[in-house]
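As the structure is a prediction and not an experimental result, all values here were calculated from the model. One-based numbering, in listed order, for ligands and for the atoms of each.
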Amino acid sequence: MTTSPITEPALDRPDLFIDGRWIAPSDGGVTDVIEAATESVLGAAASATPADVDQAVDAARRALPAWRATPAGDRADLLDAFAAQLKARAKSTAVLSSRENGMPIALSVGVNGYAPSMMVAYYADLLRRSDTADVRPSTLGSRTIVRHESVGVVAAITPWNYPQSLAAMKIAPALAAGCTVVLKPSPETALDAYVFADAALAAGLPEGVLNIVPGGREAGAHLVEHPGVDKVAFTGSTAAGRAIGEVCGRLLRPVTLELGGKSASIVSADADLDHFTSHLAEVSLVNNGQTCHACTRILAPRSRYDEVVDAISSTVAALTVGDPLDKSTHVGPLVTRAQRDRVRAYIEIGRSAGHRLIAGGGVPEDLDRGWFVAPTVFADVDNSARLAQEEVFGPVLTITPYADDDEAVSIANDSPYGLGGTVWTADEEHGISIADRIETGTFGVNHYALDLAAPFGGVKESGLGRELGPEGLTPYLRFKSIYL
Ligand code: NAD
């Protein structure tokens with residue numbers, strides 16, 4: 001395979017975006033962003049020091065009173081202008097993000113390209129339709145005004161796997177609610193985060209309303225603890241989420257945590273296997289398996305077990321692995337060498353545990369550059385195995401047999417996580433009855449796709465709180481009751 005050559009000059013973004021201006025990091029620090037498919041330097045992004053984070057929080061605090069006081073209609077108009085600027089950049093943003101993290105372009109166009117502008121427009125529209133206060137009859141016979149106030153300065157911390165969507169899921173409702181934001185994106189995908197700054201400047205968002213400070217864990221931890229921050233919104237690993245939750249607990253600081261997952265796909269005995277396998281890549285191997293809600297555990301009925309295993313094996317073997325910028329690619333490279341090594345170590349765990357390898361298991365022969373791992377499937381995996389319990393975050397699936405619905409539900413729920421899941425069945429009512437028994441924040445019947453108008457988030461170790469939908473606005477509001 002030939003990976004896409006770098007046709008543009010390296011993208012360098014040596015400055016932070018603070019108070020509507022480009023400001024060099026106090027120590028001049030930059031971090032290289034490496035292209036996942038070529039292992040070449042794609043560009044360098046500024047790396048914020050704690051002192052830079054202080055500046056960004058100060059700017060957000062200064063901008064807060066005026067932004068909070070801006071009438072909802074005016075804020076919505078500015079958000080629409082911001083959405084239009086993001087949309088105008090959608091195609092190039094999608095390409096840039098795919099080059100950073102290896103996401104197949106067919107997926108990236110939607111989730112990195114167009115989704116952010118859709119989310120901003122969605123919350124602008126919701127803002128126009130929402131009350132900023134309501135007056136209720138009081139239980140004491142008089143009236144109470146309930147004001148919906150912005151929570152204040154938001155620290156938004158995001159991972160590399162869906163860098164644009166996951167940032168927009170926080171920025172859009174926060175700005176709509178009248179909050180100001182400091183975004184700390186992941187160093188692996190810092191370059192695409194600057195698109196939000198370019199769009200904010202072009203749309204005329206007031207200075208300091210949105211600030212962007214790429215950096216590592218130290219910058220993130222400093223931001224979470226900062227006394228000028230009123231709320232933290234985090235997406236990332238369960239380990240980091242737990243650490244952030246502990247700090248926020250100590251500080252009594254509101255926090256939203258979108259964390260890891262290990263979701264199950266239940267193939268019912270009446271499933272249309274062609275339909276199931278035609279969705280396998282997008283549901284179970286989506287974004288090269290680097291997806292929190294990927295259904296990486298497949299539960300197959302004993303009555304059709306061999307048939308399901310064969311169908312999965314031939315489907316996965318036929319997937320196109322390669323250049324993420326090629327529209328026909330199903331599986332691209334993993335984000336970093338470390339991530340590739342971690343996933344390969346899990347494949348070795350599967351082999352040594354004696355699971356039956358039915359697809360993949362190594363690096364595709366013709367892909368010696370880029371962090372590729374062949375989509376891999378192990379069958380006959382007991383749900384207690386490490387491979388079925390731990391989040392691999394790569395293209396590695398397990399197949400586990402079950403006897404009846406009760407056992408399928410019990411296996412699906414036997415996980416520390418609770419984020420997504422699917423059921424594949426000819427009977428939608430049966431599918432909904434299974435969905436009602438699964439302990440997760442989201443679930444798909446015969447497909448799985450996030451709905452911007454519905455809440456997304458997890459239970460158990462998959463996190464706290466919800467993003468998207470009207471429910472995604474509430475964490476950025478605080479309610480004040482004025483008793484008359
Ligand atoms: P990560 O937790 O290592 O890092 C995520 C972000 O948090 C990065 O910006 C990082 O710099 C920052 N960070 C790390 N430790 C921190 C700390 N102690 N304080 C403050 N900031 C800190 O995660 P990752 O490897 O970038 O992303 C992969 C993980 O994200 C997976 O576990 C995946 O399941 C999860 N994820 C969850 C969702 C969801 O919505 N539930 C979505 C996407 C990814």
Side-chain angles (χ1 to χ4, degrees), residues 31 33 45 47-48 50 53 97 100-103 111-112 115 155-170 182-190 192-193 212-226 229 232-248 250-251 253 255-263 286-296 334-336 338-343 346 390-394 415-421 440-442 448 450 455-468 472:
T31 304
V33 176
S47 187
V53 170
S97 304
E100 289 173 310
N101 72 3
M103 180 185 291
V111 300
N112 290 311
I157 300 178
T158 48
W160 44 259
N161 61 337
Y162 288 77
Q164 285 281 310
S165 291
L166 295 172
M169 279 186 192
K170 296 161 184 56
V182 178
L183 171 69
K184 201 233 42 94
S186 246
E188 293 84 354
T189 50
D192 71 81
I212 300 177
V213 286
R217 175 174 304 209
E218 194 197 350
H222 188 74
L223 181 59
V224 168
E225 291 245 17
H226 199 292
V229 165
V232 176
F234 172 78
T235 299
S237 61
T238 294
R242 208 184 288 283
I244 289 169
E246 281 174 15
V247 172
C248 290
R250 172 163 53 77
L251 297 172
R253 183 164 293 170
V255 62
T256 312
L257 300 171
E258 302 283 7
L259 310 176
K262 190 76 190 180
S263 300
V286 56
N287 193 22
N288 320 328
Q290 300 174 131
T291 302
C292 50
H293 55 69
C295 291
T296 49
L334 301 187
V335 64
T336 54
Q339 186 69 10
R340 192 266 317 265
D341 292 348
R342 178 187 140 92
V343 171
Y346 267 107
E390 297 177 17
E391 186 183 47
V392 175
F393 227 54
S415 170
Y417 297 107
L419 187 55
T440 59
T442 63
Y448 185 95
L450 267 62
F456 174 81
V459 301
K460 302 195 276 186
E461 293 187 16
S462 290
L464 295 175
R466 295 291 179 267
E467 295 186 310
L468 297 179

> Of the non-hydrogen atoms in G260 and S462, which two are nearest, and what is the gap between them?
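Answer, listing the atom of G260 first, then S462: O-OG, 2.7 Å.
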> With atoms numbered from 1 as shown, which atoms in ligand 1 lie under 4.0 angstrom from a non-hydrogen atom of L419?
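Going through ligand 1 atom by atom, the ones under 4.0 Å from L419 are 41 (N).
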> Closest non-hydrogen protein atom to atom 2 (O) of ligand 1, residue and atom name please, with distance?
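Closest protein heavy atom to atom 2 (O) of ligand 1: S237 OG, 2.6 Å.
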> Show the atoms of ligand 1 that are less than 4.0 angstrom away from any heavy atom in T158.
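Counting from 1, the qualifying ligand atoms are 6 (C), 8 (C), 9 (O).
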> With respect to W160, which candidate in E100, Q339, M103 satisfies the side-chain contact (heavy atoms from CB on, under 4.5 Å) definition?
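Looking at E100, Q339, M103, the match for W160 under the side-chain contact (heavy atoms from CB on, under 4.5 Å) is Q339.
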> Could you tell me, atom by atom, which parts of ligand 1 come under 4.0 Å of a heavy atom of A240?
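What qualifies from ligand 1 is 2 (O), 14 (C), 15 (N).
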> So, does R253 use its side chain to make a donor-acceptor pair with the main chain of H226 at under 3.5 Å?
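Answer holds: yes.
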> Enumerate the atoms of ligand 1 whose separation from the nearest heavy atom of N161 is less than 4.0 angstrom.
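In order of number, 43 (C), 44 (C).
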> Check ligand 1 against S186 and write out every atom of the ligand that is under 4.0 Å from a heavy-atom position of the residue.
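Ligand 1 atoms under the 4.0 Å threshold to S186: 8 (C), 9 (O), 26 (O).
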> Among all protein heavy atoms in this structure, tell me which lies nearest to atom 18 (N) of ligand 1, with the distance rounded to 0.1 Å.
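Atom 18 (N) of ligand 1 sits closest to the protein heavy atom R217 CG, 4.1 Å.
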> Within the distance-only criterion (no hydrogens, no angle test), does the side chain of S186 pair as donor or acceptor with the backbone N or O of T189 below 3.5 angstrom?
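No: the side chain of S186 does not pair with the backbone of T189.
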> Give the numbers and elements of all ligand 1 atoms closer than 4.0 Å to a heavy atom of I244.
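The atoms of ligand 1 under 4.0 Å from a heavy atom of I244 are 19 (N), 20 (C), 21 (N).
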> Which bit of L259 is near ligand 1, meaning a heavy atom under 4.0 Å away: side chain, backbone, both or neither?
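Just the backbone.
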> Report yes if some N/O of G236 lies less than 3.5 Å from some N/O of ligand 1; otherwise report no.
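N/O-N/O distance below 3.5 Å exists for this pair.
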> Keeping the roles fixed (side chain from K170, backbone from I157), state whether a donor-acceptor pair exists under 3.5 Å.
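Side chain of K170 to backbone of I157: no pair is present.
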> Using a 4.0 Å heavy-atom cut-off, say whether L223 meets ligand 1 through its side chain, its backbone, both or neither.
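L223 to ligand 1: no contact under 4.0 Å from either part.
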> Is any heavy atom of the protein nearer than 4.0 Å to atom 4 (O) of ligand 1?
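Under 4.0 Å from atom 4 (O) of ligand 1, zero protein heavy atoms found.
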> Is the backbone N or O of A115 less than 3.5 Å from a side-chain atom of Q164, with the two atoms forming a donor-acceptor pair by type?
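No, because the side chain of Q164 does not come within donor-acceptor range (under 3.5 Å) of the backbone of A115.
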> How far is atom 24 (P) of ligand 1 from its nearest protein heavy atom, and which residue and atom is that?
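For atom 24 (P) of ligand 1, the nearest protein heavy atom is W160 NE1, 3.4 Å.
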> What residues, two or more places apart in sequence or in another chain, satisfy salt bridge (charged side-chain N to carboxylate O under 4.0 Å, His left out) together with E390?
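With neighbours one apart ignored, the set is R386.
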> Please answer whether the main-chain N or O of G465 pairs with a side-chain N or O of T256 as donor and acceptor at a distance below 3.5 Å.
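Flag not set: sc T256 to bb G465 has no pair under 3.5 Å.
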> Starting from atom 40 (O) of ligand 1, what is the nearest protein heavy atom, named by residue and atom, and what distance separates them?
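Sorting protein heavy atoms by distance from atom 40 (O) of ligand 1 puts E258 CB, 3.1 Å first.
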> Which option wins on minimum heavy-atom distance to atom 33 (C) of ligand 1: F234, F456, F393?
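Among F234, F456, F393, the closest heavy atom to atom 33 (C) of ligand 1 belongs to F393.
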> Return yes if some donor-acceptor pair links the side-chain N/O of S47 with the main-chain N/O of G215 below 3.5 Å, else return no.
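No, S47 side chain to G215 backbone: no donor-acceptor pair under 3.5 Å.
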> May I ask you to identify the nearest protein heavy atom to atom 10 (C) of ligand 1, giving residue, atom name and distance to one decimal place in Å?
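Here the closest protein heavy atom is K184 NZ, 3.8 Å.
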> Within ligand 1, which atoms have a heavy atom of L166 less than 4.0 Å away?
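Going through ligand 1 atom by atom, the ones under 4.0 Å from L166 are 42 (C), 43 (C).
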> On a heavy-atom basis, which atom in P187 and which in T31 lie closest, and how many Å separate them?
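So the two residues come closest at CB-CG2, 4.5 Å.
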> Run the side-chain hydrogen bond (donor to acceptor under 3.5 Å, both in side chains) test on S97 and Y162 for me, step by step, so that the C-alpha distance in whole Å, both residues' side-chain angles and the decisive distance to 0.1 Å come before the verdict.
CA-CA 8 Å; S97 304; Y162 288 77; over 6 Å; no
> Would you say R466's side chain and G458's backbone share a donor-acceptor pair under 3.5 angstrom?
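Side chain of R466 to backbone of G458, a donor-acceptor pair under 3.5 Å: yes, one is there.
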> Heavy-atom pairs closer than 4.0 Å: do any link ligand 1 to the side chain of Q290, the backbone, both, or neither?
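None of Q290 does.
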> Have a look at C292, G241, A190 and point out the one with the heavy atom closest to atom 42 (C) of ligand 1.
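Residue with the shortest heavy-atom distance to the ligand atom: C292.
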> Students should be able to answer this: which protein heavy-atom is nearest to atom 27 (O) of ligand 1, and at what distance?
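Here the nearest protein heavy atom works out to P159 CB, 3.3 Å.
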> List ligand 1 atoms under 4.0 Å from G220, heavy atoms only on the residue side.
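This gives 19 (N), 20 (C), 21 (N) as the contact atoms.
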> Atom 34 (O) of ligand 1: which protein heavy atom is closest, and how many Å away?
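For atom 34 (O) of ligand 1, the nearest protein heavy atom comes out as E391 OE2, 2.6 Å.
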> Can you tell me if G216 contacts ligand 1 (heavy atom of the residue under 4.0 Å from the ligand)?
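For ligand 1, residue contact (heavy atoms, under 4.0 Å) with G216 is present.
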> Starting from atom 12 (C) of ligand 1, what is the nearest protein heavy atom, named by residue and atom, and what distance separates them?
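So the nearest neighbour among protein heavy atoms is I157 CG2, 3.7 Å.
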> Please test N161 against L166 for side-chain contact (heavy atoms from CB on, under 4.5 Å), starting from the C-alpha separation and ending with a verdict.
CA-CA 9 Å; N161 61 337; L166 295 172; 3.4 Å; yes
> Check the pair E225, R250 against salt bridge (Lys or Arg N to Asp or Glu O under 4.0 Å), reporting the backbone distance first and the verdict last.
CA-CA 10 Å; E225 291 245 17; R250 172 163 53 77; 3.2 Å; yes
